[in-house]
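In what follows, a single structure is set out as structure tokens and then discussed.
Values in this document were obtained by computation on a predicted structure and should not be read as measured data. Indexing begins at 1, ligand by ligand and atom by atom, following the structure's order.
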Amino acid sequence: MIYDHILVRYGEITLKTRNRKMFINALRQNMKRALADFDVELNAHWDRAYITLGDEAPGAVMDALENVNGILSVSPVAKLERSEAAMKDTAVHFANGFGEGDTFKIEVKRADKSYHLKTFDIQQMLGGYVLDNVPKLEVDVKHPEHQIMVEVRIDGIYMYHEVRQCIGGLPIGTGGRALLMLSGGIDSPVAGLEVMKKGVEIEAIHFHSPPYTSPQATEKVKQLVDIMSKRTGADIKLHIVPFTELQTKIYDWIPDNMSMTTTRRIMLIIAERLAKQVDAKAIVNGENLGQVASQTLASMHAINAVTNFPVLRPLLTLEKNEIVAMARNYGTYETSVLPYEDCCTIFKPKSPKTKPVVEKVEKFESKVDFEPMIEKALAGIECYSVNDAEEKEAFRSLL
Ligand code: ATP
Ligand code: MG
């Protein structure tokens with residue numbers, strides 16, 4: 001095997017100066033977790049990390065790193081002794097794998113300025129050698145199809161030509177914690193994953209209303225949490241709130257066209273209280289401006305009036321097809337479109353108001369004492385995480 005290392009390039013971490021150490025430490029931990037099944041050595045430096053592969057396959061190790069937030073790209077690297085012969089052999093080995101008529105360029109970085117060959121000398125030497133030995137190729141220094149990278153360092157010469165793009169962003173855990181309102185739909189898992197990309201750790205809250213919502217609907221949300229956890233390497237905790245009593249009370253007391261607004265308001269009240277309990281600094285949802293009646297500006301205004309807590313809406317202005325493409329890319333789409341209904345679909349009003357007025361909603365809500373039911377719902381929360389394997393198996397059989 002020619003490759004013995006993986007080079008890891010950092011994403012936005014490189015923009016940090018004073019607190020970069022904290023970001024690198026978090027990334028090191030997250031990479032370690034992602035690589036737990038591999039027998040490799042990880043060295044995370046100030047500007048990049050190297051993974052020493054030992055007997056592990058570079059492809060599998062890169063697969064494991066691809067979705068670790070904070071990594072911009074990875075490359076399989078051959079570390080060579082500092083000799084001209086070793087560089088030439090490796091360059092030809094890479095070049096043999098390129099296609100007929102492809103163009104290439106030799107790119108040299110001389111981190112060790114004391115090396116006896118200068119950048120230009122190495123370029124000339126390797127370029128000429130490759131052309132002589134792999135005549136199917138041509139040189140193009142402006143827009144090459146392949147770049148053979150040569151880094152001259154004190155401890156050896158590092159060569160590579162493949163660059164695999166990764167997810168980028170910041171390491172999870174460096175941006176504090178947020179509470180994601182997770183329905184079984186397409187949008188909210190994507191919203192959560194987008195926020196996680198910025199280094200924010202997520203806990204999730206889901207409202208269910210058995211028996212009006214099926215066990216399969218709850219299981220679907222758990223599966224989404226599994227997918228999101230596996231994807232990010234984070235162990236996302238899901239809080240499942242029993243919402244039946246509140247939902248039926250709303251149905252009985254609030255006029256049909258305003259029931260959606262009240263439902264969302266009460267969900268938000270509960271989410272805020274849980275957020276405070278788990279030390280989350282914001283609530284995240286999958287709202288998208290104008291998508292449905294509950295997501296017009298007037299609706300968001302009426303719903304949001306119950307809280308001063310920051311509510312993040314990472315999908316606010318995206319097109320639905322963009323969100324679907326993101327969901328497919330994240331691997332949540334197939335689960336999201338399973339046909340089990342969540343509580344709001346079942347209690348869906350026939351013609352919800354697109355412009356609810358806060359004062360009117362408040363007037364109807366004031367006729368009911370929701371507070372004891374809210375307390376009860378909070379007290380009845382059940383928790384789930386990807387590690388709850390036994391319980392998961394039990395639910396799997398329901399699908
Ligand atoms: P999604 O695809 O995320 O379900 P949606 O387009 O279907 O979104 P709504 O059903 O109006 O939109 O919900 C808007 C947002 O409210 C959701 O993105 C989610 O964050 C939150 N939400 C809705 N229902 C629930 C629920 N049962 N539990 C937790 N959060 C919910
Ligand atoms: Mg929904």
Side-chain angles (χ1 to χ4, degrees), residues 178-195 202-210 212-214 216-222 224-225 227-228 236-244 246-247 250 259-275 280 282-297 299-300 302-304 306-307 309 311-324 326-328 330 332-349 352-354 356 377-378 381-382 384:
L179 183 65
L180 169 68
M181 296 182 67
L182 185 62
S183 69
I186 296 169
D187 303 335
S188 43
V190 176
L193 286 160
E194 283 297 295
V195 170
I202 288 284
E203 294 200 14
I205 181 170
H206 174 70
F207 299 86
H208 74 164
S209 304
Y212 303 107
T213 56
S214 62
Q216 286 92 332
T218 312
E219 166 62 6
K220 183 173 141 179
V221 175
K222 290 181 177 180
L224 287 169
V225 166
I227 295 168
M228 294 168 73
I236 300 168
K237 197 168 178 185
L238 171 67
H239 304 263
I240 303 166
V241 184
F243 203 59
T244 317
L246 280 157
Q247 188 81 78
I250 295 166
S259 62
M260 176 64 85
T261 310
T262 298
T263 303
R264 293 282 190 242
R265 281 160 62 91
I266 293 179
M267 282 183 177
L268 197 51
I269 290 170
I270 293 174
E272 179 189 326
R273 293 200 197 166
L274 180 66
I283 292 167
V284 180
N285 67 29
E287 283 176 344
N288 183 256
L289 199 52
Q291 195 183 81
V292 288
S294 63
Q295 297 178 32
T296 61
L297 257 193
S299 275
M300 284 185 201
I303 294 164
N304 221 106
V306 297
T307 182
F309 218 68
V311 178
L312 310 182
R313 301 174 175 86
L315 311 183
L316 189 72
T317 59
L318 297 181
E319 296 287 320
K320 188 72 190 183
N321 60 358
E322 289 178 274
I323 301 173
V324 166
M326 289 160 92
R328 283 189 196 280
Y330 279 133
T332 53
Y333 182 79
E334 279 70 23
T335 305
S336 286
V337 293
L338 290 173
Y340 311 113
E341 311 212 309
D342 71 10
C343 58
C344 303
T345 333
I346 288 181
F347 289 94
K348 216 173 192 157
K353 272 203 181 307
T354 52
L378 275 162
I381 286 178
E382 283 175 44
Y384 167 86

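Side-chain contact check for Leu224 versus Ser336: some heavy-atom pair is nearer than 4.5 Å.
For atom 12 (O) of ligand 1, the nearest non-hydrogen atom from the set Met260, Gln295, His239, Arg313 belongs to Gln295. The heavy atom nearest to atom 13 (O) of ligand 1, considering only Arg264, Met181, Glu287, Met267, is found in Arg264.
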Pairs of donor and acceptor atoms involving the side chains of residues 316-324, under 3.5 Å and at least two apart or interchain, shall be tabulated with distances.
from	atom 1	to	atom 2	distance (Å)
Lys320	NZ	Asp187	OD1	2.8
Lys320	NZ	Asp187	OD2	3.3
Glu322	OE1	Glu319	N	2.8

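Between Ile205 and ligand 1, not a single N/O pair is under 3.5 Å apart. Taking distance alone, with nitrogen or oxygen atoms compared against 3.5 Å, Gly286 approaches ligand 1 more closely than that limit. Considering both main-chain and side-chain atoms, Lys320 never comes within under 3.5 Å of ligand 1 through any nitrogen or oxygen pair. The shortest N/O to N/O separation between Ile186 and ligand 1 falls below 3.5 Å. Considering backbone and side-chain atoms alike, Asn285 places every N or O at 3.5 Å or more from each N or O of ligand 1. Any N or O atom pair closer than 3.5 Å counts here, and Phe207 shares at least one such pair with ligand 1.
Side chain of Thr296 to backbone of Gly290: no donor-acceptor contact under 3.5 angstrom is found. Checked by atom type and distance alone, the side chain of His206 pairs as donor or acceptor with a backbone atom of Leu182 at under 3.5 Å. The main-chain N or O of Ala217 is found under 3.5 Å from a side-chain atom of Ser214 such that the two form a donor-acceptor pair.
When the side-chain hydrogen bond (donor to acceptor under 3.5 Å, both in side chains) test is applied to Glu287, the partners found at least two apart in sequence or on another chain are Asn285, Arg313.
Atoms CD and CE, from Gln247 and Met267 in turn, are 6.5 Å apart once rounded to the nearest 0.5 Å.
By the criterion of a heavy-atom distance under 4.0 Å, the backbone of Leu182, and not its side chain, is placed next to ligand 1. The proximity of His208 to ligand 1, defined as any non-hydrogen pair under 4.0 Å, does not occur for either the backbone or the side chain.
Looking only at atom types and distance, the side chain of Thr213 has no donor-acceptor partner in the side chain of His208 under 3.5 Å away.
Close approach of ligand 1 to Gly185 (heavy-atom distance below 4.0 Å) involves ligand atoms 1 (P), 2 (O), 4 (O). Atom numbering of ligand 1 starts at 1 in the shown order; those under 4.0 Å from a heavy atom of Ser188 are 1 (P), 3 (O), 18 (O), 19 (C), 20 (O).
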